[in-house]
Amino acid sequence: MKNKKTLRAPVSQKAHIVEKPEDITTIGGTIAIEINEKKVTVPLGTTILEACQQNNIHIPTLCHHPDLCVAGVCRLCVVEVEGMRTLQASCAYPITARMKIKTSTPMVRKARKHILDLLLSEHYGECYSCVRNSKCELQSLSKEYGIEEFTFGHIKEPKHVIDKSSFSVLRDMDKCVLCKRCVRTCIDLQEVGVLEATYKGDETTISTFMDRPLAGVICINCGQCINRCPTGALRANDPSDAIWNSIDDPKKHVVIQTAPSPRAAIGEEFGLEAGHSMTGQLNTALKRIGFDGVFDTNFTADLTIIEEGTELIIRLFKALVNQDPSVSLPQFTSCSPGWVKYLEHFYPEYIDNLSSAKSPQQMFGTLFKTYYAKQKGIDPKDIVSVAVMPCSAKKYECNRPEMNDSGYKDVDYGLTTRELAKMIKEAGIHLPELPKDSFDSPFGDASGAGLIFGATGGVMEAAIRTVVEFVLGVKVEDVFKNANVEVVRGFEGVKYAEIPIGDKVGPVPDLIKHLVPNWDWLKGATLKIAVAHGTANAKKIMEDIKAGGKFSECHFIEFMACPGGCIGGGGQPIPTSPEIRKARAKAIYSEDESLDVRKSHENKHVLRIYEEFLKDGPCGHLSHELLHTHYTKRGKYIA
Amino acid sequence: MENEKTNRVGSVIFSEYERGEAVKKAAEMSREDILGEIKISSLKGRGGAGFPTSTKWMLTAAAKSDEKYVICNADEGEPGTFKDRVLLLEYPKLVFEGMVVAGKTIGAKVGFLYLRGEYEYMLKSLHDYLSEMKQDQLLGKSICGKEGFDFDIQIRLGSGAYICGEETALIESLEGQRGEARNRPPFPVSTGYKNKPTTVNNVETLAAVSQIVTKGGEWYKTYGTNKSSGSKLFSVSGDCKKPGVYELPWGTKISELLKLVEAEKTKAVQVGGASGVCFPKSQFERTLAYEDISTGGSIIIFNESRDMVKVLKNFMEFFVEESCGQCTPCRIGNVKLLEGVEMIEDKTFTFNYINKLKELGKTMQVSSKCGLGQSSPNSFLSILENFSEEIFNGRNGGKHEK
Ligand SMILES: Cc1cc2nc3c(=O)[nH]c(=O)nc-3n(C[C@H](O)[C@H](O)[C@H](O)COP(=O)(O)O)c2cc1C
Ligand code: SF4
Ligand code: SF4
Ligand code: SF4
Ligand code: FES
């Protein structure tokens, strides 16, 4: 794919390029139109669909998605425009001239019903045996249009084999309605480019390179395609049956860690609006379901900050003081397994820039089967460790062959938010009504720094809170109001910030005293950092680094594979949209503000781990053995 | 060019023309004058849609951009058309010079000939012809010695998909993408190849341009009817003694054409290829003209021995396969129409269901994304309408041939 921007949808459609207004009466970039005989004024270039939505007129859509460029392929959103021979797809029609639009004429309604009839005639399978039952757009459209029979027949036999090769994403093309949202997600939103329509006519199918199984192509497992698929054609690889079996097995000690993003979103699966954190209720639910230990991934997020931050300090020291040319900077975060795989495929030459610290999920997995097993006196082989993640790539991550430093598979199952919600429902529990409960010892409650890992910029903010205190010897609150590092927050695709260190540095904290003698070598330096979310944005930074641009001068860069960071992960509740992700992020940030401990290095359980277990300190020998990992140069061509 | 011959009969396109005439004349004309001449001629696109050429060029000329493109659409995929092949083989001068004229008028320096994959065998001779034009200063830098009159032509091969004749799918294909129609607006005149203003014209349209520039718009208008100026090339095939390419003035009746090509016992005439309409005997007095039967020029003649169900089935199979597959009405709709034809063939249909399919056909006409899906139900609807007796009661005692 080179560096060329892939344009499955032409740029013209992405930006609604505005043509020369044909109507001289348009003033100030707005235009007066009529929708259903009501006069409204919209900015030039607004699509008919947007104009209708702004005026509370409902138009059914299927291929349209707020995160994606226009496709205009399902044709469900057609409307009548006076003077035009054909109906127009409202999602794809930018308004540049006066027009009279009718959204519900007999012709329009008939066309929409026909289109649904056609889609249903080819749609193999039944709603009651589908993951997306009651969350499927095809299903709800059928309801909306009162479909009670298959006017044009119904397919009797499947045409495709379900691709179950991937640890993360399953593809059932018999349920595909060819809306191409997945294609646009993968090519345009993520710029990975695994999925594309192949063949033509009635044989058109969404496929991979040479129709290979998903595990055999450069899929990064981000699951963003799942989140945007309107049907059950794409789904995550669900391990819940195996988890139930472990829970039901009295010999097994089943522990579960929950990441912050699922907690901020799982309420949506129970009918709540986006933006309600369910941490306490979820603890109760998990204990009722029968998990033997319920823990907070934020604990190892704090641990990650210590390990990754220490690694950064070591790299900087080696580069700046020892002038060691072999040190790779900027250091890249490695907690997003989608990002890691993206880098392994697309920029393998930068593999040494990845922090060797494992992700919080994998760190916890290792601790469960080492430290925790010892503490509890349980044979690690009897421990089953489950991770509730917002992410489908975490399923792949826990299956990476190198992830067994405890001597066992560090994390047995990666479970998505959606799948956990299903388990809770199966157990007959209505989550929002539960009382709150806390996490189990010995890991207890974590800091707010670990919590904000869930939103883009969160890892960076957590790192800054710790590094500022470590190096400057002052309270981070004195530098950033309320300890909120606003510069790295928000949904800008790529964020960049500089933190001048100045002349005043503090003493080296005890935890890392054995690594650096003092901070004098950082005096007057400026720490340059950047944040990117979504691999398309990551690509921008990587290309800049390759070209020797300003990002190549950075010291530390946070990359998240998913738009919005983990709160927008591929395992999160469906639907997703910029608004929904914003609401989830808000829930996380306000939970952080409500906590007493908001810095990783103040998490006393983490400090205790270094005292009791990882005695040679951060990035020490044992920690390297257990908490760090290595990566694989994969490249784009897979044998 | 070895097989260049100019002995075809015709008063406009095939009228006498010396290589270089149009380019030399255009070199001396202003862009406005050329546009004016085309406007006077009232030339409309010969690719099927019949959009006024001067309007298309004016819009492209007016679009602000430092890069613009001319594309000659030589995909010629409509079943039953082969006139563009004749033009390219025998009259490349008209086509290429038309492109040069278009380039000057809209302000493009580069043109593409998008050549149907099956015409690969022409590549060498076309390239040779382009080299000759360059030698004669009819192409390349400073054409006819005029500083700044630069235009180059590249030939690109299609790879056999009918949809790539649709102008926006053609552009996608030129850009190296899957051949699929784009959303419109924006139109190619503002957002075409590489999202730059682009004019896409049929081979025959450009050939007509060369004649118009040379002989004048008024001259052109003396042929044809009031509303359809000039002549049209018809590709005639099927049941007749003299199939081939004919140049006839617009306004010719179907019956006149049938006589000319010596068709006998004609039952049906499909005008416009698979995406066209099928006319029964009772309508043979209608005229071929934009105001009556508008067409890109494919004429397929069926005599009384033909089974119209088979004819229709053939067309529908074509669309089921050639739909680009992106939009619902066309991708699945054509499958349903074909299934309906098969039910008729097997006598397993109900009129109720057939009526539902006719309604579906109308939906496809108005809701498909591009011209392919919008026109694919035409033959279904017209054959069912015009040949209902034969279709539903069958020939040979109620059975259709298989
Ligand atoms: C499915 C489809 C196939 C088409 N195939 C051709 C073709 O082979 N050649 C052609 O000139 N135009 C074809 N057209 C029409 C073009 O989209 C376009 O209108 C034409 O090239 C414009 O040129 P004109 O204005 O000179 O006619 C096709 C249109 C559709 C919808
Ligand atoms: S999981 Fe991500 S990389 Fe893989 S196909 Fe889906 S969008 Fe593309
Ligand atoms: S797999 Fe899902 S998202 Fe992709 S085209 Fe099919 S229905 Fe649409
Ligand atoms: S009408 Fe047919 S050919 Fe045109 S975009 Fe739709 S599926 Fe493709
Ligand atoms: S939603 Fe507009 S065409 Fe699909």
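Within every chain, numbering begins at 1; the chains are lettered A, B, ... in the order of the sequence lines, protein sequences first and strands thereafter.
- The choice from A:Lys110, A:Lys200, A:Glu122, A:Met107 that makes the most heavy-atom pairs within less than 4.5 Å of chain B is A:Lys200.
- Heavy-atom distances place the side chain of B:Gln374, and not its backbone, under 4.5 Å from chain A.
- Both the backbone and the side chain of B:Val320 come within less than 4.5 Å of a heavy atom in chain A.
- Counting heavy atoms of neighbouring residues, nucleotides and ligands inside a 6.0 Å radius, atom CD of A:Glu144 exceeds 12 of them.
- Side chain of A:Arg181 to backbone of A:Leu68: no donor-acceptor contact under 3.5 angstrom is found.
- Taking 4.0 Å as the cut-off between side-chain N and carboxylate O, A:Lys100 and A:Glu80 do not count as a salt-bridged pair.
- Counting heavy-atom pairs closer than 4.5 Å to chain B, the top-ranked of the candidates A:Leu87, A:Thr204, A:Leu118 is A:Leu118.
- Proximity to chain A is limited to the side chain of B:Tyr353, based on heavy atoms less than 4.5 angstrom apart.
- Taking chain B as the reference chain and counting heavy-atom pairs below 4.5 Å, the highest number among A:Leu119, A:Thr205, A:Val108 is found for A:Leu119.
- If you measure heavy-atom distances from A:Thr86 to chain B, the contacts under 4.5 Å come from both the backbone and the side chain.
- No donor-acceptor pair closer than 3.5 Å links the side chain of A:Glu34 to the backbone N or O of A:Met99.
- For a residue to count as touching a neighbouring chain, one of its non-hydrogen atoms must lie under 4.5 Å from one of that chain's; by this rule B:Lys356 touches chain A with backbone and side chain alike.
- The local environment of NZ in B:Lys39 is sparse, with at most 12 non-hydrogen atoms from other residues, nucleotides or ligands closer than 6.0 Å.
- Contact annotation for A:Glu203: neither backbone nor side-chain heavy atoms come within less than 4.5 Å of a heavy atom of chain B.
- Heavy atoms closer than 4.5 Å to chain B are found in both the backbone and the side chain of A:Ala111.
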Query raised in the report: side-chain hydrogen bond (donor to acceptor under 3.5 Å, both in side chains) between B:Glu78 and B:Ser275: does it pass, once the steps are laid out?
Result: CA-CA 8 Å; B:Glu78 189 66 54; B:Ser275 59; 3.0 Å; yes
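- None of B:Lys369, B:Arg184, B:Arg182 except one satisfies the salt bridge (Lys or Arg N to Asp or Glu O under 4.0 Å) rule with B:Glu166; the exception is B:Arg184.
- Under a cut-off of 6.0 angstrom, the local environment of CD in B:Glu321 is sparse, with at most 12 non-hydrogen atoms contributed by other residues, nucleotides or ligands.
- Of the atoms belonging to B:Ala161, heavy atoms from both backbone and side chain fall under 4.5 Å from chain A.
- Listed options B:Gly340, B:Gly176, B:Ala63, B:Pro329 were ranked by heavy-atom pairs under 4.5 angstrom with chain A; first place goes to B:Pro329.
- B:Ser379 places no side-chain N or O within 3.5 Å of a backbone atom of B:Met316 that could act as its donor or acceptor partner.
- Between chain B and the options A:Thr151, A:Thr198, A:Leu62, A:Leu178, heavy-atom pairs under 4.5 Å are most frequent for A:Leu178.
- Only the side chain of A:Tyr93 comes within contact range of chain B, with heavy atoms under 4.5 Å apart.
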